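To start, the structure under review is shown below, and the notes come after it.
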Amino acid sequence: MQLTKAYSHKDIESKWYSHWLQSGLFEPAKGAGRYFSIVIPPPNVTGSLHMGHALNNTLQDILCRYKRMDGFRVLWVPGTDHAGIATQNVVERQLAQKGTSRTELGRERFIETVWQWKREAGDLILHQLKALGVSCDWSHERFTMDEGLSRAVREAFVKLWQDKLLYRAQRLINWCPRCKTALADIEVIHEEADGNLWHIRYPLADDPSRALVVATTRPETMLGDTAVAVHPDDQRYKGLVGKNIRLPITGRIVPLIADPFVDREFGTGALKITPGHDFNDFEIGERFDLDKISIFDADARIDAAAFLDRGESGVWIERYRSKDRFEARKLIVAELKEKGFLQKTEAHKLAVGRCYRCQTVIEPYLTPQWFVDIKPLAEPAMSVVREGKIRIIPEGWSNSYFAWMENIKDWCISRQIWWGHQIPAWYCASCEAPNLIQGADGEYRLGKDAKPIVARQAPEKCPTCGGKDLIQDPDVLDTWFSSGLWPFSTLGWPDQTEDLKDFYPTSTLVTGFDILFFWVARMIMMGLKFMGDVPFRDVYIHALVRDEQGQKMSKSKGNVIDPLDVMSEYGTDAFRFTLAAMAAMGRDIKLAEDRIAGYQNFVNKLWNAARFVQMNLGGANSAGADSNTVLDDRDLDFAERWIRSRLAFTIAEARAAIDTYRFNDYANALYQFTWHEFCDWYIEMSKLALNSADAKVAARSRKLLQELLDQILLLMHPVMPFVTEEIWQLLGDNRKSIMVQPYPVAQAGWIDDETEKQMPFLMGVIRAIRNLRTEVNCPPGKEVRAIFCGAAADLAFLHGQESYLRSLARVGAAEFRQAGEPPKGAVTAVVGTMEIYLPMEDLINLDEERARLRKEVGKVEDELARVQKKLANADFLAKAKNEVVHKEREKATQFEEKIRTLRGSLEKIQEIQAGRN
RNA sequence: GGGCGGUUAGCUCAGCGGGAGAGCAUCGGCCUUACAAGCCGGGGGUCACAGGUUCAAAUCCUGUACCGCCCACCA
């Protein structure tokens, strides 16, 4: 098949993806051998492909395709995460649009609705990933809530329970009043916000004329105050500690206590203590055994029952009953003001915690929850990183990892939602009757003292009383609990499967730093706990993709660039190449669209290089006319030896770059070689050999071109899978997919030091001549005469390359002189020590040439001055490395020589001009 | 309050101890039979600022400014 004039990515991409899929090429090769495995960071089922996914999966695919070609058995496990809260929110919003709700449906029907939604819309992102070209093994696709993974979750839960690493306790937790569930600490985003600091008078119980002033940002929580605290050494409150306070509004009598936690500098130095709604206060409450009043219900509205149950009374209870916390705040401030308790209000910036799923302000809330005793898991998880059993790349992130792990708090894993893994714990209806509370939604809630029966499956009967009425814990597990098992649950755990044996530990985890704690840390802890081994060897942490201004892309900001749009406009290969080229370590990616357009041109360049090769093969391909030609290294000409040598270096650099996750270096090395060495120079030079009268020379050139192109395609395939496969197939008949070809290996014999030195010299000469021609406006097609003066060896070399001088610089006739006078009416350039003169006769404008030469002399003089200054420095000569000094000396003589030559030409011009006048 | 990263050509970014680079944009010349999505050539930067280490600093150290992240219980 003939290559078309320009590359069009449309159609080609999906064609090859289906082909690969149908050929089973994404599945790991059978048999033994080195393996390489990756588990995909499972995108949320609710997700659609964004730039972060695109980058993440492109990098993984580059690794997988490279390793696969390089002879590894590669398994890349794809799948999705059920994303408990996020998904539940999505489906709830849809229900709301239909005028119904989760509670109206009830738990069972709601869950069925979510499943249905998942089946219909949930795999969107996987289809989008396919468009990106990812070589995942889809026969291994998993979902965190499929049967196998659910079993793994129950197994893990039971094991943790048996090992006493799980417990249920009534604690202050982060509560989202909108999602109506507990959240783990890291699921709370702290954000600075403008607020007020209200100074409130708290009168002494035995002397209402005297009062302490407390400062608070949350006056509404005073309904739950059970103490006031000052610093023990605070002179201002000396003698008052131990006295009682009568709280405004509620009239509750609370003690004044002394605790060193209190900061004397802040506010008034007197701190109201609300153990039911503030984490610090909770701690102090524990120390002083204070009452913890939960003043809000699950919606964060004032819960009148909390007061009535304590035997409190008063009109205030009714006044605030069921008021939202922010409404209550306004009312309370108003009441305090009216009654003269409000001393002052000042503006104050504070950090408010928000739900990471819905941005609602978090309420510290006292409820019974399940926790993982995390310290025993965290210790070994730190050791494996410290000991290098897991490498975090770039290494800088390990600091964050350690910092977080060292200060880790017990992990709250229960969520009061419906979509997720329901906790495998049951309660006996009769034994736990006093602890069973039926909520407004009809669901049972378990009191803090309820005794769970933890089991893999629902027990038949209560082991204590034999009762058969068992109620499963209504809570589900944190989504990240199941994701934490992902590297082994996807491979079949808890069964001892072949996959586990073959592919665990996985090789590399590729992920963004935003889920380092959420996910990576948890996988390490869980992997060590349940598999007794690390879940992966390398963690490569890549950048975040931002917009051109460096802003995080988000729908609300409207600055989102949709990867699918980009792919359809510029082609997936160009897009992938861009991502790779920009994926420098430790830096965010600010994605500029014109950059992608630039790489689209590169794809096209490659395409046209292939066209050139194909045209010259004259329809012949790898199985064709030249197939019997064997390349003998000794036959290769100058250009051929040079390009092969460059290829060897490029292969080495490409491999080294991928091996160390320097994706940008990988992309750039290929770009540089393909465009600026292969296309710009070698292809142009090859045209001579291809047109050679010597059939053997032409055949050899065709053969080499073809080999070089193949090597380039192979090198490029991991990053640009589609266009490389298309060309690969167009250039050969019945070729096996490029996916399964061996990745290039640099041959030591290809490296050619001589041409590596000579070629830059030749390039310099050709560029100098082109430059001179442009300077004097010599028409591009016109051949010129050139006179070269320089060292004998250089002259001999240039003499040997005369044909290239003609084809690439349009030198019609060349003269080679050991030394000589600058010819009249010539323009001058110097390359190294080689003087180049182009006699231009009348074409030359003497004034312009004189100006040009003066400028050039000035430039070189500046450079010479800098070098001479260095060489005049005794310290430099004494302390710098010999080779550096030597280099500087060479430079100096070269510059001097150059100046001499240029001055000579300058004088010549002046002579001519003088002669004319 | 701690910690991390950034500041290099008009824009987006590499480089991270020895002569300032790429892509895009820009200017000039070319439809040279692979490619005008191209070819050839050019212009453009006291590498944020101030100190220091070094024979030598964009590159290492310290500090400052401005951006951006992460962590944190100062009400």
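Because only heavy atoms are used, hydrogens play no part in the values below, and waters and symmetry mates are left out as well, while side chains stay in. Order of the sequence lines sets the chain letters (A, B, ...), proteins ahead of strands, with each chain counted from 1. Computed from a predicted model, the values in this text were never measured in an experiment.
Put simply, His676(A) has a side-chain N or O that comes within less than 4.0 Å of OP1 or OP2 on G23(B). Note on Arg770(A): a side-chain N or O is less than 4.0 Å away from OP1 or OP2 of G41(B).
A9(B) sits 11 Å from U26(B) when the C1' atoms are compared, rounded to a whole Å.
Residue contacts shown for Lys349(A) are absent, as no nucleic acid heavy atom lies under 4.0 Å away. Here Asp263(A) lies in heavy-atom contact (under 4.0 Å) with a base. Base contact: Ala609(A) has a heavy atom under 4.0 Å from a base atom. Contacts of Lys891(A) with the nucleic acid, taken as non-hydrogen atoms under 4.0 Å apart, include base atoms. Within the nucleic acid shown, Trp198(A) has no heavy atom closer than 4.0 Å to any nucleic acid atom. Residue Glu283(A) is out of contact with every strand shown, counting any heavy-atom pair closer than 4.0 Å. In this structure, Tyr7(A) reaches the bases: a heavy-atom distance under 4.0 Å links it to at least one base atom across the strands shown. Among the protein residues, Phe279(A) comes within range of no part of the nucleic acid, since none of its heavy atoms lies under 4.0 Å from any strand. Residue-level contact check: Lys887(A) touches neither bases nor backbone, having no heavy atom under 4.0 Å from any strand. At the heavy-atom level, Leu877(A) lies nowhere under 4.0 Å from the strands shown. Using a 4.0 Å heavy-atom distance criterion, Arg767(A) is classed as a sugar-phosphate-only contact.
Remark: Lys887(A) does not engage Glu890(A) in a salt bridge, criterion side-chain N to carboxylate O under 4.0 Å.
Residues Thr221(A) and Asp278(A) have side chains not in contact (no heavy-atom distance under 4.5 Å, counting atoms from C-beta outward).
Closest approach to the Phe895(A) side chain among C35(B), A14(B), G19(B) is made by G19(B) (side chain taken as heavy atoms from C-beta onward). Listed nucleotides: C55(B), G18(B), G38(B). Nearest to the side chain of Glu888(A): G18(B). Nearest nucleotide to the side chain of Asp278(A), out of A34(B), A75(B), G18(B): A75(B). Here A75(B) is the nucleotide among C30(B), A75(B), C40(B) with the atom lying nearest to any side-chain atom of Phe261(A).
Here the side chain of Asp573(A) pairs a donor or acceptor atom with the backbone of Phe722(A) at under 3.5 angstrom.
Between the side chains of Arg595(A) and Tyr599(A), at least one donor N or O sits under 3.5 Å from an acceptor N or O.
Stem analysis of RNA chain B (Watson-Crick or G-U pairs, both distances under 3.5 Å, runs of at least three) returns B:1-7 with B:65-71, B:10-13 with B:21-24, B:26-30 with B:38-42, B:48-52 with B:60-64.
Tyr671(A) and Phe602(A) have tilted rings, their planes meeting at an angle from 30° to 60° on a 0 to 90° scale. Relative ring orientation between Tyr7(A) and Trp607(A) is described as tilted, the plane-to-plane angle lying within the 30° to 60° band.
The shortest heavy-atom contact between Ala654(A) and Leu670(A) is CB-CD2, 4.3 Å.
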